S.K.: 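Quick one: the structure is below, and I'll ask about it shortly.
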Amino acid sequence: MGHNHNHNHNHAGAFRWSVVLNALLTGVQLAIGFGFGSLALVGDAIHNLGDVVGLLLAWGAERLSARPAQGRFTYGFGRSTQLAALTNGLLVFGAGLLVVVEGLDRLQHPEPLVAGPVAVAAAAGIVVNLLSVRLFGGHQHLDLNRRAAVLHLLSDAAVSAAVLISALLVAFSGWVVLDAITAIAVGVAVMFSAWGLLKQALAASLDAVPEEFDLGQISGELLQVPGVREVSQLHIWGLGGGRVALTAHLICEVNGGRPSDSLLRDAEARLHHLGIAKTTLQLEQFGNPLPEHAIGHSD
Ligand SMILES: [Zn+2]
């Protein structure tokens, strides 16, 4: 696809092609899956549909989260990325469950299947995913996200390959139940990957400490600040788009204590170094807690 003279441009191009190719593939697979009786192919299509919707939601949320904070939305719109992941995870999980339930039903009531078109559509799935790997993996330096994307595309190609093999076996053996078995396996795989996504999105919705941060390490770092004796009410949560907020009460030495502004600057610099830019710290004197601190203390 020409020269890679502009990294960002190339990335956007790869993204757009990936969406268009996968959307076309989804449409073809759904039509052939329903038209020629292959539930396994429908399962593969539903997975691909989840990928397309996920890509579009992530794209929309990224655009939305770039908008500045305004009015009542004092945090901005960064968490729309979490909402997008949650919505997509729920949709895909539900779709995978439907395929499994329908597959179990077809084990008992097998339906006729025309293997030829199903095999062609499954082969198309392999081609599109391998083509997408080329689009995304054309660079020498793959960052972690891209590597995950490439791994995902390869596993998608493997799912299509399973559907293709199943269709060929049905063509040779006439054993149509194999399609239902493959569909159940595909449905379980879809539910499994959606569950991973859902777990992350739910944790973020519950304001869990983002996975890349270590609560103990951050609390230890604050205790390293000269003059700080205890740390309480420590909260760390994601604002979306990789931004992280922290609030904490620092309980300070009474005697030989430092001026509070220098102590605060020190603590903020350490947190900044750990990748936390948005901090709200409250200082208290040891042995003289504030009323709300006494009520809200957890230990
Ligand atoms: Zn996928």
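Here the structure is a predicted model, which is why all the values come from computation and not from measurement. Residues take their numbers from the sequence shown, with the count starting at 1. Every number for a ligand or one of its atoms is a count from 1 in the order of the listing. The figures that follow rest on heavy atoms only: side chains count, while hydrogens, waters and symmetry mates do not.
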S.K.: About how many Å separate CG of Leu222 and CD1 of Ile251, when rounded to the nearest 0.5 Å?
M.R.: 11.5 Å
S.K.: What is the name of the N/O/S atom of Asp51 that is nearest to the Zn ion (ligand 1)?
M.R.: OD2
S.K.: One pair to check against side chain to side chain contact (heavy atoms under 4.5 Å, CB included): Glu211 and Gln200. What are the steps and the verdict?
M.R.: CA-CA 9 Å; Glu211 264 171 14; Gln200 271 186 0; 4.0 Å; yes
S.K.: Side chains of Asn48 and Thr26: do they bring a donor and an acceptor to under 3.5 Å?
M.R.: no
S.K.: Restricting to N/O/S, name the atom of Asp156 that gets closest to the Zn ion (ligand 1).
M.R.: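 So the atom name we want here is OD2.
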S.K.: Report the name of the N/O/S atom of His47 located nearest to the Zn ion (ligand 1).
M.R.: NE2
S.K.: Is the side chain of Arg243 donor-acceptor paired with the backbone N or O of Lys278 at a distance under 3.5 Å, no angle test?
M.R.: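 A pair under 3.5 Å: no.
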